[in-house]
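Okay, so here's the structure we're looking at.
Since this is a predicted model, take the numbers as computed values, not measurements. Reminder, nothing fancy here: chain letters follow the sequence lines and each chain counts from 1.
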Amino acid sequence: MKEQLRTLIEQALDRLRSAGTLPADASAAFVLERTKSREHGDFATNAALALAKPARTNPRALAQALVAALAPNALVEKVEIAGPGFINFFLGPAAYHQETRRVLDEGVRYGCNTTAAGRRTQVEFVSANPTGPLHIGHGRAAAVGDCLARALAASGAEVTREFYYNDAGVQIENLARSTQARAKGSKPGAADWPADAYNGDYIGDVAEAYLRGDRVEFENHVVTGAKNPDDIDAIRQFAVAYLRREQNADLAAFGVKFDVYFLESSLYGDGKVEETVRELVKHGHTYEEGGALWLRTTDFGDDKDRVMRKSDGTFTYFLPDVAYHLSKWQRGYQRAITELGADHHGSLARVKAGLQALDMGIPKDYPEYVLHQMVTVMRGGEEVKISKRAGSYVTLRDLIDEVGRDATRFFLIARKSDSQMVFDIDLARSQSNDNPVYYIQYAHARVCSVLRQLDERGLKWNRDNGLAKLARLDNEHESALMVEISRYPEVVEAAALNLEPHLIASYLRELANALHAYYHAHQFIVDDADLRDARVALAVAAQQALANGLDLLGVSAPEQM
RNA sequence: GCGCCCGUAGCUCAGCUGGAUAGAGCAUCAGCUUCCGAAGCUGAGGGUCGGGGGUUCGAAUCCCUCCGGGCGCGCCA
């Protein structure tokens, strides 16, 4: 709908250019947007305001010329010039009838676009180390990353979801030692308890399972507890397997599936780390100092140079990170989007600097990134402190169990990811009207209910007749709902383009509101068959948009509540 | 100290690639069910968009500065 209008305007601008009203090189960066108020029509553009200067004329005059150059279009009922030179487009009912038909024709595909068509895109998110259960912050990462992936896929991208984890570093040693201490009967606080150990109760569970000889399956691996508390290698393997399995189960329960699990250790195994060092040295952005090998990241905007190989010969985390992102590029992802906590923001600048230093033609904005801010958890009116070492924190599993998958996902996705948010567990779990997810789901279920009613009354909805009789829908609520529905494709596109999945959540609330209001104002199931068919057609279109939008959020669209 | 993010109604948050009277939910108050599900609808009150400058025809939005909060700034990950 919007695209058609935009094309119309572009064509008119071309005419003005060839007529000499506009200079041939006048750039056409103008905005076409939905109006806030219907008094200003359906869409407005600032094209005349934006192009007045290069045209060396005043905006109102240019607006008039532009309007005069517009080709007649069946969808546009009226065009007005307003204020300093806005051009307001009033669409006729036919435009919305066409759109409503499109919704029913396209079904689950309604709202898809091609703005990212054919681009091999990788979204990396969560990427938690296997040293403990996932907490609410990972939940936010999972919700944001997964919704982004869905929105990008709906925009035509070929999306791969990837989870990267460290399976070999210092923290894993720490995990192994913690588990071993537990297996030997020590506990946090005891004299022989390791200083930096993980104190959570789950370590005890891992140790017990190990001593029992439990069999753990995950990602095509099978690991069996060796029972021997002195075998640190076996303990390490088992603990990683155990926690990976738990994390995967939590993510599955959250409705998130990954295509690729990438192990940091593989970067050493296949020589990628060495290759990265070699390339960096070769391109001359490194130097040795104090026995360490440094990368001159300051050449690429970092505020200080970074050590890549420590004087003891081991690598800092920074180098495998670069090697990992290099592998993304080499695996053919034209776009890589990294979703991570804002506390890791600094590492991104380094990774990007590292990629540039490789001098391999990797774009400067590779990878793109989306940051999420911290989540404060409230329970019983008090903040729940998150501390992995202390072992007291709200796990993602707790939330899914207490709050439900749908509400948890919705809450975590509904806020812009780069603002901090408060997650009030009591509020989220309340099955009341405080809870926006139910409001939206209810709107969907409500249409299902109408369809059931139709059936119970022995009335058949004639889809084609309904679409043919859309002209019968002429009240305010009906036109408002048609407008809301027609916005859906624009919202999907904006969410994918700006990497802002929360837009979908806000939109769905507005769509649900339009549906609820309509439902209350008018009876859908009326005796007049034409009117009934038409109203049900509109309701079903709304249902489809709701279902499609909820699907992008990974939230279910129930047929009844 | 430096960098990034944030500061919008009592509370939780949208709006931010500049646009027309600043929005929603909750909370408060007042209404709405002989009727397809009231997990709903309608209405009211509530704002120096943290403060101050600047750019512009136009600023919640861009720039500067100050205040207040968060997170980073290791030969830790």
Could you give the [atom1]-to-[atom2] distance, from [X] to [N], as a whole number of Å?
{"X": "A/H516", "N": "B/rU33", "atom1": "NE2", "atom2": "C1'", "answer": "16 Å"}
{"X": "A/L348", "N": "B/rC5", "atom1": "CG", "atom2": "P", "answer": "13 Å"}
{"X": "A/E510", "N": "B/rC41", "atom1": "CD", "atom2": "P", "answer": "13 Å"}
{"X": "A/E493", "N": "B/rU17", "atom1": "CD", "atom2": "C1'", "answer": "14 Å"}
{"X": "A/N513", "N": "B/rG43", "atom1": "CG", "atom2": "C1'", "answer": "14 Å"}

Presence of salt bridge, [Y] and [X], under 4.0 angstrom:
{"X": "A/R487", "Y": "A/E510", "answer": "yes"}
{"X": "A/K328", "Y": "A/E162", "answer": "no"}
{"X": "A/D528", "Y": "A/R472", "answer": "yes"}
{"X": "A/R379", "Y": "A/E402", "answer": "yes"}

Return the polar atom pairs (N/O with N/O) between nucleotides 34-38 of chain B and the protein under 3.5 Å, or none.
| unit_1 | atom_1 | unit_2 | atom_2 | d |
| --- | --- | --- | --- | --- |
| B/rC35 | O2' | A/Q523 | OE1 | 3.4 |
| B/rC35 | O2' | A/Q523 | NE2 | 3.0 |
| B/rC36 | O2 | A/F524 | N | 3.4 |
| B/rC36 | O2 | A/I525 | N | 3.1 |
| B/rC36 | N3 | A/F524 | N | 3.0 |
| B/rC36 | N4 | A/Y519 | O | 2.4 |
| B/rC36 | N4 | A/H522 | O | 2.5 |
| B/rG37 | OP1 | A/S449 | OG | 2.6 |
| B/rG37 | O2' | A/Y442 | OH | 2.1 |
| B/rG37 | N7 | A/S449 | OG | 3.1 |
| B/rG37 | O6 | A/M561 | N | 3.1 |
| B/rA38 | OP2 | A/R446 | NH2 | 2.3 |

Under 3.5 Å: donor-acceptor pair, side chain of [X], backbone of [Y]:
{"X": "A/H444", "Y": "A/Q441", "answer": "no"}
{"X": "A/S266", "Y": "A/F262", "answer": "no"}
{"X": "A/Q356", "Y": "A/T297", "answer": "no"}
{"X": "A/S155", "Y": "A/A116", "answer": "no"}

Whichever of A/H477 and A/S506 has its nearest RNA chain B nucleotide further upstream toward 5' |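 Taking each residue's closest nucleotide, the earlier one in sequence belongs to A/S506.
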
Which whole number of Å gives the distance between the [atom1] atom of [N] and that of [M]?
{"N": "B/rA14", "M": "B/rC62", "atom1": "P", "result": "15 Å"}
{"N": "B/rG23", "M": "B/rA60", "atom1": "P", "result": "13 Å"}
{"N": "B/rC35", "M": "B/rC26", "atom1": "C1'", "result": "30 Å"}
{"N": "B/rU61", "M": "B/rG51", "atom1": "P", "result": "10 Å"}
{"N": "B/rU8", "M": "B/rU48", "atom1": "C1'", "result": "12 Å"}
{"N": "B/rG1", "M": "B/rC13", "atom1": "C1'", "result": "33 Å"}
{"N": "B/rA59", "M": "B/rC71", "atom1": "C1'", "result": "28 Å"}
{"N": "B/rC6", "M": "B/rU42", "atom1": "P", "result": "33 Å"}

Between A/N166 and A/Y317, do the side chains contain an N or O donor and an N or O acceptor separated by less than 3.5 Å?
->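 The criterion, which ignores hydrogens and geometry beyond distance, is not satisfied for A/Y317 and A/N166.
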
Do we see a donor-acceptor contact under 3.5 Å between the side chains of A/E484 and A/Y518?
->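 No, A/Y518 and A/E484 have no side-chain donor paired with an acceptor closer than 3.5 Å.
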
Between [X] and [N], does any side-chain N or O lie under 4.0 Å from OP1 or OP2?
{"X": "A/K416", "N": "B/rC5", "value": "no"}
{"X": "A/S419", "N": "B/rU12", "value": "no"}
{"X": "A/H502", "N": "B/rG15", "value": "yes"}

Identify all side-chain donor-acceptor contacts of residues 412-421 of chain A below 3.5 Å with residues at least two apart in sequence or on another chain.
| unit_1 | atom_1 | unit_2 | atom_2 | d |
| --- | --- | --- | --- | --- |
| A/S417 | OG | A/L371 | O | 2.9 |
| A/S419 | OG | A/K416 | O | 3.2 |

Summarise how protein sits on nucleotides 19-24 of chain B as a single string, 5' to 3': B when a protein heavy atom is under 4.0 Å from the base, S for sugar-phosphate-only contact, - for no contact.
-> BBB---

Whether each nucleotide of nucleotides 70-77 of chain B has a protein heavy atom under 4.0 Å at its base (B), only at its sugar-phosphate (S) or at neither (-) is summarised, 5' to 3', as SSSSSBSB

Dot-bracket encoding per residue of RNA chain B, Watson-Crick/G-U cut-off under 3.5 Å, | denoting interstrand | (((((((..((((.....[...)))).(((((.......))))).....(((((..]....))))))))))))....

Working for ring-ring contact (aromatic ring centres under 6.0 Å, His included), residues A/Y366 and A/H325 = CA-CA 9 Å; A/Y366 196 92; A/H325 281 85; 7.7 Å; no

Please tell me if the side chains of A/K469 and A/L531 come closer than 4.5 Å, counting only heavy atoms from C-beta onward.
->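 Counting from C-beta outward, A/K469 and A/L531 never come under 4.5 Å.
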
Enclosure of A/D312 CG (heavy-atom neighbours >12, cutoff 6.0 Å) |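 More than 12 within 6.0 Å, yes.
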
With sequence neighbours excluded, residues passing side-chain contact (heavy atoms from CB on, under 4.5 Å) with A/Y519 |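 With sequence neighbours excluded, A/Y519 shows a side-chain contact (heavy atoms from CB on, under 4.5 Å) to A/R446, A/V450, A/F524, given in chain and number order.
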
Glycosidic conformation of B/rU33, syn or anti, with 90° from 0 as the boundary?
->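 Syn, angle within 90° of zero.
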
